[in-house]
Amino acid sequence: MISATLLGQSVLSGLFSGCLYALLGLGLTLSWRYLRIINLAHFALIFLAAYIAYWMNSAYGFHPLLTCLAMIPAFFALGVAQQLLFIRFKVGEFASVIVTFGLTIIVESLIQWIWSADFVRMETHLARGSLEIGKLLAPWDELFMCAVAISVCVATWACLNFTWLGKALRASLDNPDIAASFGVPNRALALLVSGAAASFAAIGGVFVALLYTLTPSSIYSWFGVVLATVLLGGLGSPLGAIAAGLLIGVGEAMTMAVVAPSWAPIAPFTLLILILVLWPERI
Amino acid sequence: MLRIESLCVSYGDAAALTDVSLDVADGELLAVIGPNGAGKTTLVNAVAGLLPARAGTIRLAGENVTGLPPRALADRGLALIPEGRRLFTTMTVEENLDIGCYRPAARGHRAEGLARVYDMFPILAQRRRQIAGTLSGGQQQMVAIARALMARPRLLLIDEPSLGLAPIIIAQVFEIIAAIHKSGVSILLIEQNATRALAVARRGCVLDCGALVATGTPAELDARGDIRAAYLGGGH
């Protein structure tokens, strides 16, 4: 029988992972729903941001948050450029999987060429130590990441539901011709979504660098769990991504604690399949 | 307000409109009638900038607007009530109306626009938070009309407003169209139901097989035996 402390600590670390899944999935879910692009290159951008944050810190001593602020506009521009190319070459939903997978491989090779395939680890923390809650420990870095993830997701949700921009975006998805005839700038909105998604990748990447050891090939280890989060949360739904991320994160952590760590990857997909079977209209 | 000269539109090699010329004077309601497949919706979509013209010109208040995108036409005071309503079906009634006044020029008048359309359609005020796709056909048509009015149009394009509606609702819809016209908006009304359309219009055009076959007042059209037999009968 496992102790209450271990169980509590598992739930806590599951919640932390869940927030990160939501943060990494946010850009993906937006571009999938609003651009009809399944953007696997989102993972490549996350890792590019992670390596840049690591490198700026270890080589030049830049604080990761400062790098993050600088990367947000730069990645926004990358996202816009990607969408311009996709519009120009008329990349559709299914072609996008192959094209963006190819982009991911290119970026992975680029990262490997610049920073080698060695494991690297950023030696900086936003704040050292942990918050002690009874016998449980909550590292400050993780807590800060959760605060950012939840704020970004909630802000995106509010923007989609309560602003002119959000309404225009939904109208443009619903009926682009008619939206255009009322003055909705469909193309500019698509560029904005793509840019915002890439900016979220920059933010997510900085936290990946803060919390994990990096190696180029570990890009692919995030595909399964983040895509499961996106599907489970409902395409285009930032709050759904948080709920799904937390569910998957806690599910994984409990599986690790109760069964064995090697069984953890089963959790997200079992949850996903169960929910698809029991609640097929979810997607 | 609107002047169309020798407009030709085609889908690939198939001509949908050939050499169509018509004009809508300031404050006029012009009805375009004709059977299914005559090219009526093609005409509306071409004027709204949703279809490219192969030849001919479209002028709005004297300005050549041929080939301008839909957004640019919206900026020049054109609004569309499309065939089959084409609401934003996953959004609420009020969000649909918000898109109607999306343009910065109309956005400032949102409050008075909402007051006006809710006064015109009290049922929409009650249902403002309901998802538009779940409304009845008649209510959806009201949303489509209200959405276009929120744009404060100078020229309103109305495409088949009676399509799929019960007769009592059709009567209401035409009363509302007459009221909008009375408020000073120029209207190009496309309608299969010739009797209804010519009852609210001063002038009508008959479109068939992509070409205009007659233009005149309802009385003039009615006086022509061939037009009457072919297009105005049918017991609508």
Side-chain angles (χ1 to χ4, degrees), chain A residues 29-36 80 83-84 87-88 90 93 155-193 230-231 233-241 279-283, chain B residues 41 44-51 68-108 110 113 129 131-133 143-144 146-153 155-157 159:
Chain A
T29 199
L30 290 180
S31 52
W32 197 334
R33 171 129 173 97
Y34 290 100
L35 306 175
R36 294 271 157 228
V80 170
Q83 186 61 20
L84 281 173
I87 293 173
R88 166 69 182 76
K90 298 190 169 64
E93 188 168 3
T156 307
W157 166 79
C159 179
L160 283 173
N161 282 284
F162 306 118
T163 65
W164 285 99
L165 178 69
K167 284 174 204 167
L169 200 54
R170 286 183 290 135
S172 154
L173 178 71
D174 220 333
N175 205 330
D177 277 357
I178 301 300
S181 76
F182 285 104
V184 171
N186 292 324
R187 187 183 146 93
L189 288 176
L191 297 180
L192 180 71
V193 169
V230 165
L231 285 173
L235 297 183
S237 167
L239 296 188
W279 196 10
E281 68 274 26
R282 191 79 198 85
I283 293 187
Chain B
T41 292
V44 168
N45 287 343
V47 174
L50 298 172
L51 279 176
L68 285 188
R71 276 180 64 206
L73 297 168
D75 286 336
R76 286 161 177 75
L78 184 140
L80 172 65
I81 301 174
E83 181 180 356
R85 276 92 62 181
R86 298 183 68 186
L87 299 184
F88 304 114
T89 50
T90 62
M91 298 167 68
T92 65
V93 167
E94 192 152 297
E95 284 172 341
N96 270 271
L97 303 181
D98 280 340
I99 296 300
C101 63
Y102 182 77
R103 290 178 311 112
R107 219 179 278 184
R110 176 177 184 270
R129 305 215 180 283
I131 298 296
V143 177
R147 178 177 65 180
L149 290 179
M150 292 297 289
R152 301 166 64 84
L155 174 67
L156 195 52
L157 306 178
D159 192 1

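Naming: A, B, ... by sequence-line order, numbering from 1 per chain. As the structure is a prediction and not an experimental result, all values here were calculated from the model. The basis for the numbers below is simple: all heavy atoms, side chains too, and nothing from hydrogens, waters or symmetry mates.
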Which bit of [X] is near chain A, if near means a heavy-atom gap under 4.5 Å: side chain, backbone, both or neither?
{"X": "B:D75", "value": "neither"}
{"X": "B:R110", "value": "side chain"}
{"X": "B:L73", "value": "neither"}

*Any side-chain hydrogen bond (donor to acceptor under 3.5 Å, both in side chains) involving residues 181-191 of chain A? Give me the pairs, sequence neighbours left out, ordered by first then second residue.*
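Sorted pair list: A:S172-A:N186.
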
*Is the backbone of B:T92 close enough, under 3.5 Å, to the side chain of B:R129 for a donor and an acceptor to pair up by distance?*
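Flag not set: sc B:R129 to bb B:T92 has no pair under 3.5 Å.
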
*Most heavy-atom pairs under 4.5 angstrom with chain A, which of B:P104, B:G100, B:A151?*
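It is B:G100.
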
*asked:* Tell me which of these, B:R147, B:R107, B:R103, B:M150, has more heavy-atom pairs under 4.5 Å with chain A than the rest.
replied: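 Looking at each option in turn, the highest pair count goes to B:R107.
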
*Heavy-atom pairs under 4.5 Å with chain B are the metric here; pick the option from A:A179, A:A180, A:A168 that has the most.*
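Greatest number of close heavy-atom pairs with chain B: A:A180.
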
_B:T41 side, atom OG1; B:L51 side, atom CG - distance, nearest 0.5 Å_ =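 It is 10.0 Å, given to the nearest 0.5 Å.
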
*asked:* List the residues meeting ring-ring contact (aromatic ring centres under 6.0 Å, His included) with A:W157, not counting sequence neighbours, and say none if there are none.
replied: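 Scan of A:W157 (ring-ring contact (aromatic ring centres under 6.0 Å, His included), adjacent residues dropped) gives A:F162.
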
_A:W32 side chain reached by A:L231 side chain, heavy atoms, under 4.5 Å_ =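 Yes. Closest side-chain heavy atoms under 4.5 Å.
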
